[in-house]
Amino acid sequence: MPTPPLPVARTVAELRAQVAAWRRAGQRVALVPTMGALHAGHLSLVTLALTRADRVAASVFVNPTQFGPNEDFAAYPRDEARDEALLASAGCSLLFAPTAAQMYPRGFATTVTVAGVTGPMDGAARPGHFAGVATVVSKLLLQCGPDVAVFGEKDYQQLQVIRRLVADLDIPVEILGAPIARAPDGLALSSRNAYLSAPEREIAGRMNAILAGAATALRAGDALAEVEAAGLAALKAAGFGPIDYFEVRDAADLSSPPKGPARVFAAAFVGRTRLIDNMAV
């Protein structure tokens with residue numbers, strides 16, 4: 001039996017009306033924010049959300065404010081019909097697909113800026129990125145008002161930024177991190193993987209093994225600086241470049257050196273495609 005079409009809300013009013021109807025029925029609501037170009041990793045977020053809520057709304061919005069001037073906003077893959085079908089098949093109840101004018105109407109003048117966790121890594125490599133992320137996620141959480149919102153651990157720094165802003169602004173939502181979905185060779189699933197040529201895809205699959213080697217070395221007691229230097233050298237030897245970072249940081253506040261449980265993070269280009277990944281130590 002074919003999956004029925006997924007209801008689509010285009011405005012905040014339509015989204016809130018549907019969420020209010022679910023609330024009147026006594027149902028818990030989850031939100032899965034995405035930028036579309038969905039893959040199995042996104043659908044795993046919906047699956048996880050369904051373990052914590054009766055209804056799942058997913059947003060698809062390619063947010064212009066989190067892309068830098070020389071980044072891939074114009075080229076970022078978009079296919080709403082495909083995304084809609086995939087979300088319906090995963091058990092999602094509503095697609096929220098606003099326009100840029102709906103999210104940032106004329107006169108919009110507010111930016112949410114989070115300090116601390118936004119400083120290193122992608123904060124340094126992509127100036128302004130996390131202000132765009134924090135602003136759009138704050139809006140989505142306030143527009144939907146979910147009980148829980150699910151974000152993938154592949155964008156681990158983003159996840160920690162969102163946890164910080166939700167705590168600091170007293171937004172009444174539980175933020176749930178979902179495990180990284182990976183291809184058979186360990187490559188973290190990403191919409192940007194579609195940019196990779198066949199030779200680039202082979203190189204990309206090596207990042208996970210390099211991170212795993214670093215985590216093993218750290219657990220064996222190797223010095224942090226030596227592990228980071230070896231990771232950078234391994235990425236370069238594997239064909240990555242330029243390399244934005246290969247760093248070991250605290251899993252909670254992303255400080256260095258770690259004060260408690262640590263994670264190892266990498267960001268590097270293969271051709272024109274920027275890949276990020278991370279792993280718990």
Side-chain angles (χ1 to χ4, degrees), residues 32-47 58 60-64 66-90 121-122 125-126 129 151-159 178-217 227-247 263-280:
V32 176
T34 83
M35 292 206 304
L38 302 183
H39 51 67
H42 295 108
L43 302 184
S44 74
L45 306 184
V46 175
T47 300
V60 169
F61 178 62
V62 184
N63 177 36
Q66 69 191 69
F67 288 80
N70 299 311
E71 295 185 344
D72 59 340
F73 174 72
Y76 197 85
R78 295 163 171 86
D79 189 344
E80 185 183 298
R82 177 180 175 276
D83 292 342
E84 184 181 330
L86 287 171
L87 289 169
S89 70
M121 299 189 296
D122 267 27
R126 304 180 67 188
H129 169 68
F151 297 85
E153 289 186 345
K154 182 180 78 69
D155 297 289
Y156 189 88
Q157 187 174 12
Q158 170 182 276
L159 174 63
I180 300 171
R182 298 186 180 277
D185 66 349
L187 176 66
L189 298 187
S190 168
S191 301
R192 289 186 170 96
N193 292 351
Y195 300 155
L196 297 167
S197 67
E200 290 170 347
R201 173 62 183 81
E202 184 179 350
I203 293 169
R206 300 171 191 165
M207 180 178 278
N208 174 65
I210 294 168
L211 286 166
T216 298
V227 171
E228 290 180 335
L232 284 169
L235 285 175
K236 185 175 180 180
F240 291 89
I243 300 165
D244 282 345
Y245 55 82
F246 188 94
E247 298 181 10
R263 293 185 83 95
V264 56
F265 298 87
F269 285 83
V270 181
R272 67 187 181 99
T273 306
R274 185 176 188 268
L275 303 175
I276 65 170
D277 200 352
N278 68 91
M279 188 171 293

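For the pair Pro33/Phe61, no side-chain contact is recorded, criterion being any heavy-atom separation below 4.5 Å from C-beta on. Proximity of Lys236 to Ile243: side-chain heavy atoms (C-beta onward) are separated by under 4.5 Å at one or more points. At least one side-chain heavy atom of Glu153 sits less than 4.5 Å from a side-chain heavy atom of Arg263. Taking the side chain as every heavy atom from C-beta outward, Met35 and Ser191 never approach each other to under 4.5 Å. With a 4.5 Å cut-off on side-chain heavy atoms, Ile180 and Asn278 count as touching. Side-chain atoms of Thr34 and Val32, non-hydrogen and from C-beta on, do get closer than 4.5 Å to each other. Residues Leu187 and Arg201 form a side-chain contact, since some pair of their non-hydrogen atoms from C-beta on lies under 4.5 Å apart. Between Asp185 and Asn208 the shortest side-chain heavy-atom distance does not fall below 4.5 Å.
Other residues, nucleotides and ligands contribute more than 12 heavy atoms inside 6.0 Å of the CD atom of Glu228.
Ala217 and Val227 get closest at one heavy-atom pair: CB-CG2, 3.9 Å. The two residues Ala238 and Ile203 make their nearest non-hydrogen contact at O-CG2, 3.4 Å. Taking all atoms of both residues into account, the shortest heavy-atom contact from Glu71 to Gln66 is OE1-O, 3.9 Å. The minimum heavy-atom distance linking Leu189 with Ala40 is given by the pair CD1-CB, 3.8 Å. Considering every non-hydrogen atom in both Pro77 and Tyr195, the closest pair reads CD-OH, 3.5 Å.
Rounded to the nearest 0.5 Å, atoms CG (Asp277) and OH (Tyr156) are 13.5 Å apart. Distance CZ/Arg274 to CG/Asp244: 4.5 Å, rounded to 0.5 Å. The distance from the OG atom of Ser89 to the CD atom of Glu84 is 11.0 Å, given to the nearest 0.5 Å. Expressed to the nearest 0.5 Å, how far CG of Leu87 lies from CZ of Arg82 amounts to 10.0 Å.
Using bins of under 30°, 30° to 60° and over 60° for the plane-to-plane angle, the ring pair Phe67/Phe73 lands in the perpendicular bin.
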